[in-house]
Trainee: 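One structure is given below, represented as structure tokens, and several questions about it will come after.
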Amino acid sequence: MTERDEYFLIRAEKVERLREQGIDPFPARYGRTHTIAAARALLARWSERGRPARERSVSVTGRVTGVRNMGRVAFLDLRDGTGSMQAQFRRDVMGGDFELLKSLDLGDFLGVRGRLIHTRTGEPTVEARSATMLGKALRPPPEKWHGLQDVQQRLRQREADLISNDEVRERFVLRSKLVAAIRRFMDGRDYLEVETPILLNVAAGANARPFVTQHNALSRTLYLRIATELHLKRCIIGGLDRVYEIGRIFRNEGLDTTHNPEFTSMESYEAYADYNDIMSLVETLVSSVATELLGTTELEYGGEVIDVKAPWRRLDLREAILRYAEIDIDAHRDAASLAEQMRAMGVVVTQEDSWGRLVDKLLGDKVEPNLVQPTFLVDYPVEMTPLAKRKPGRDGYVERFEGYVAGMEVCNAFTELNDPIEQRRRFEEQEALRLEHALEDFDRLDEDFLTAVEYGMPPTGGLGVGIDRLAMLFSGQSTVREVVLFPHLSLSQDEVFRAVDLAIRDILRGSSGESGDALARMVRVSLSEEVNSRITDGELLRRIEIAGR
RNA sequence: GGGCCGUUAGCUCAGUCGGCAGAGCACCGGACUUUUAAUCCGGGUGUCCAGGGUUCGAGCCCCUGACGGCCCA
């Protein structure tokens, strides 16, 4: 896409023309009296009560989304965040401002002052007496009938997606309402919303790889949080009996249709509660939020009707694996034995997989796809869960559950471990497992957290909910990037070429007649791994040749 | 990981047998005082995803690669 195409140049000329006429194309303010929704409501009321049309004066603002010009009269469609409405331009009514039409394009922001009327066809309309340019657009909007379809462009230029696709806009409004409803629900149950640090000395609280960053003044390596768990528990220890945090979590993993490296979670902790209390919290939360936002607990997702009404099914994890994979994990408590059973089932496993990871694979491959209607998978092996309390009377298991809807994990919760000695031992087990299974992610020992637990921690029920997953469910979307406004994407081809050309220019500046091949090697050394993997030798040589001329 | 499909104008998309690159919207010029995707007349604005090959000639055929979509694992 060229930066200065025909559209840009023509519109830039109009900006200059307006300035020559003494009109600011980007004024600082405008005296709007009504939103479009308010103006429409007002007109409806006035018409009912028979208020004379000449008194019905308002000023409204919005983006110009359509122009029907008929010479001495023109109709414009105006849209603001509340709705859209037609404005009428008449030369005999407007005088000089009618000339603004010549400098007007689709996508511009406009203020219109005049009477509210119905036209001959009954369309609610602002009959403009004056019109004011509020913000000139230099790029044309996408095609008005089909909207923007190109997936890459929709995600890379979400604003264009939002401008042209109403259902996308509605989806993000829904997501925002979802978060607000969750917040109201938690507040209503006397949970205190808190904010805990994103930059940490130790990335603990989950099994995930962190992003690493640098604090210059302290000259210290910091990690972006992979969970909010440990700090929220420290709040509980401090006597804040019910706390929650809605915030961004960062995990340094691959990105695909269901994973964005940053995502939003809601974690909550409640003193004196256990995981049974949290199960009822979750099913009540989800069903009441669904009723509030959608008017029903029945969600349509992937061609199925899913009823999130409480109570949700409880399914013991070991029994679930027994039912769907026909393997008894209690009969195969070591990795070699379990791996052998799984291979016989056709599940891909490796020599390096830990026992916990094998169970995780079984869940992902055999169990999760069956959990379409809301289900709590209950009681997890201790190996997989260093922060949960052991289940009394059941060796090797902890009080943990995960909630599944439509085959997706939507939450994870425990009766929290509050014994500091056992907690230290469990962290140490994680560290040992890391040494044994270098390719897997395990939790890390956090001394500050252990110190906190040593001050005494009440029995506690904790919860983590994936907000993005819930947004997917509520909006019927199968990919996370359709519910994240600005998802991370791999570089576009344009961006790759731009990075390559920049590197070539740098290398050529310091070069002294090396061969093309030698230059290509130098360029490759300076390029990032991602760019290198995206550029072929032929393409690189061709670009060096072009740059050299 | 495997298979199939796709990438062409600002946007949405056609492109037959390998022979001058097309339509609608948008845009530019003109007409029009009641339109609703306004209408009518005139104008086609292009790195056909990238690189290489075959050919007198490639959007189309062949190879390699990138990205995306769908299906399967």
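Chain A is the first sequence line, chain B the second, and so forth, proteins listed ahead of strands; every chain is numbered from 1.
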Trainee: Is the shortest side-chain N/O distance from A:Lys366 to OP1 or OP2 of B:rA73 below 4.0 Å?
Mentor: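 Indeed not, no polar side-chain atom of A:Lys366 lies that close.
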Trainee: So is the aromatic ring of A:Trp145 stacked onto the base of B:rA37, judging by whether the centres are under 5.5 Å apart and the planes are under 30° apart?
Mentor: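 Ring-base stacking flag set for A:Trp145 and B:rA37.
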Trainee: Should A:Arg11 and A:Asp108 count as side-chain neighbours, where that means a heavy-atom distance under 4.5 Å?
Mentor: yes
Trainee: Please report the distance separating the C1' of B:rC28 from the corresponding atom of B:rU16, rounded so that it comes out in whole Å.
Mentor: 32 Å
Trainee: Which nucleotide, in any strand shown, forms a Watson-Crick or G-U wobble pair with B:rC56, with both distances under 3.5 Å?
Mentor: B:rG19
Trainee: Give a yes/no answer on whether the side chain of A:Lys144 brings an N or O atom under 4.0 Å of OP1 or OP2 in B:rG10.
Mentor: no
Trainee: Mind checking side-chain contact (heavy atoms from CB on, under 4.5 Å) for A:Thr479 and listing every partner two or more places apart, or none if nothing turns up?
Mentor: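 Expected list: A:Thr257, A:Arg481, A:Glu482.
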Trainee: As a quick check of understanding, evaluate side chain to side chain contact (heavy atoms under 4.5 Å, CB included) for A:Phe26 and A:Lys136, giving each step before the final call.
Mentor: CA-CA 7 Å; A:Phe26 305 99; A:Lys136 187 93 191 105; 3.9 Å; yes
Trainee: When you compare the side chains of A:Arg175 and A:Gln477, does any donor N or O come within less than 3.5 Å of an acceptor on the partner?
Mentor: no
Trainee: Please state whether the phosphate of B:rU35, meaning OP1 or OP2, lies under 4.0 angstrom from any side-chain nitrogen or oxygen of A:Arg68.
Mentor: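 Negative; the distance criterion is not met.
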Trainee: Please give the nucleotide sitting opposite B:rU35 as a Watson-Crick or G-U wobble pair, both distances under 3.5 Å, or none.
Mentor: none
Trainee: Please give the nucleotide sitting opposite B:rC67 as a Watson-Crick or G-U wobble pair, both distances under 3.5 Å, or none.
Mentor: B:rG6
Trainee: Using the C1' atom on both, measure B:rG19 against B:rU64 and round to a whole Å.
Mentor: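 Going atom to atom, C1' in each nucleotide, I get 27 Å.
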Trainee: Taking B:rG30 as the reference, what is the distance to B:rC70 when you measure between their C1' atoms (whole Å, please)?
Mentor: 47 Å
Trainee: Which nucleotide, if any, forms a Watson-Crick or G-U wobble pair with B:rG42, using both distances under 3.5 Å?
Mentor: B:rC28
